[in-house]
Amino acid sequence: MKWRVVDFEYWNAWMNMALDEAIGEAVGSGRSPSTIRFYGWNPSAVSIGCFQSIKDEVDLEACRRMGVDIVRRRTGGGAVYHDREGEITYSVIAPEEMVQKDINKAYETICGWIVDALDLMEITANIIPINDILVEGRKISGSAQTRRGGVFLQHGTLLYNISPGKMFSVLKVGCTKISDKNIASFEDRVTSILRHAKISKDKVLQELRRSFTKGKEWEAGVYTEEERRRARQLVVERYSKDEWNFSR
Amino acid sequence: MQYITAELKVKGGKLVRVRVAFDESIVFQVQITGDFFIHPEEGLDAIENVFIGMRVPPSPSEIERLVNEVVTRGNMKIMGFSPNDLAALVAGAFA
């Protein structure tokens, strides 16, 4: 079956995570093809890893003040600030057997697609296991992975034009977290595409699509009505609920 | 009921925080949070349950043995910390 590639669209935080889950269910039951989607967050949002404590990681008052939404992911990993203008998020959703069984190798493969896309933009990047991509020692991309019901999901972010000040006003980054990294400050941790190449967001998306689809049979597609309906249901049942978002 | 918290940034790994609820003799609950990965994700509940009813102060070798057991039984993969890191963190919190 051909891969489906869904072009960049904006959704809110709850719907973005619900779409990943709804697509996963449809892929798992064979009703939807393996899917690559690119998307943004409107309004800007923070997503936290499924094992994180929301109060430890997120400045809730700053989020309220700045109109930044918050959602807990189904994947592990760290808290991410998804700026409406400044980043691109991707998801790869496929039956487990289409992806390497070894978790690290699967990260390497998909993060390798991002490194290749950056290479097309003449930006040299390296994968730092488990799940980070760095340019000149600074993080430009992070990803997280889960496997449920025979379905593989990896989603991640690529920073396009980020203001570290804004990012670190909504995220609480304690000193312990960076204690093993040789960096002077939180702001030194991250970088974004525009710092390294003058390139439009559309061109970045074009290079990402080129790299993600290399060697694959694919076609451009949209979400099915069933996926949209199920995603809306998951927003109501899970992703908008304090019982989920504040569960840790 | 008393509470203690402790955190550890595993070298080359992830941040792990624990919050332990206990009285003078036993552990009632341990909550483990952080930016690590556990596959399957539901495995964290089983790991947290290991601590319930442990004598205070808990022994690091017992924690490590029991966590290793549930990880093996649940066919779990933990990325970002090891059972040994967790044992040292929880036992160290009582030191």
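In what follows, chains carry the letters A, B, and so on, assigned in the order in which the sequence lines appear, proteins first and then strands, with residues in each chain numbered from 1.
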Ranked by heavy-atom pairs below 4.5 Å to chain B, first place among A:Thr75, A:Ile130, A:Ile128, A:Ile48 goes to A:Ile130
So which of A:Gly76, A:Ser53, A:Gly77 has the biggest tally of heavy-atom pairs under 4.5 Å with chain B? A:Gly77
Nearest-0.5 Å distance that lies between atom CE in B:Met79 and atom CD1 in A:Ile103: 5.0 Å
I'd like to know if the side chain of A:Asn104 pairs up with that of B:Lys77 as donor and acceptor (distance under 3.5 Å, no hydrogens or angles considered). no
Taking atom CZ of A:Arg84 as the centre, report whether more than 12 heavy atoms of other residues, nucleotides or ligands fall under 6.0 Å from it. yes
Of all heavy-atom pairs linking A:Ala144 and B:Phe37, the shortest is CB-CE2, 3.7 Å
Side chains of A:Lys55 and B:Thr33, heavy atoms from C-beta outward: is any pair under 4.5 Å? no
Is A:Arg148 in contact with chain B via its backbone, its side chain, both, or neither, using a 4.5 Å heavy-atom distance? side chain
Identify the heavy atoms of A:Glu57 and B:Arg17 that sit nearest to each other, and give their distance. OE2-NH1, 3.0 Å
Heavy-atom contact with chain A under 4.5 Å, split by part of B:Ile38: both
Hey, are the side chains of A:Gln52 and B:Leu15 touching, using non-hydrogen atoms and a 4.5 Å cut-off? no
Should we say atom CH2 of A:Trp41 is surrounded by more than 12 heavy atoms from elsewhere, each under 6.0 Å from it? yes
Give me the contact list for residues 237-248 of chain A versus chain B, heavy atoms only, anything under 4.5 Å, ordered by residue number. A:Ser247, A:Arg248
Quick check: under 4.5 Å, non-hydrogen atoms only, which of residues 80-95 of chain B neighbour chain A? B:Gly80
Minimum side-chain heavy-atom gap B:Leu44-A:Phe51 below 4.5 Å: yes
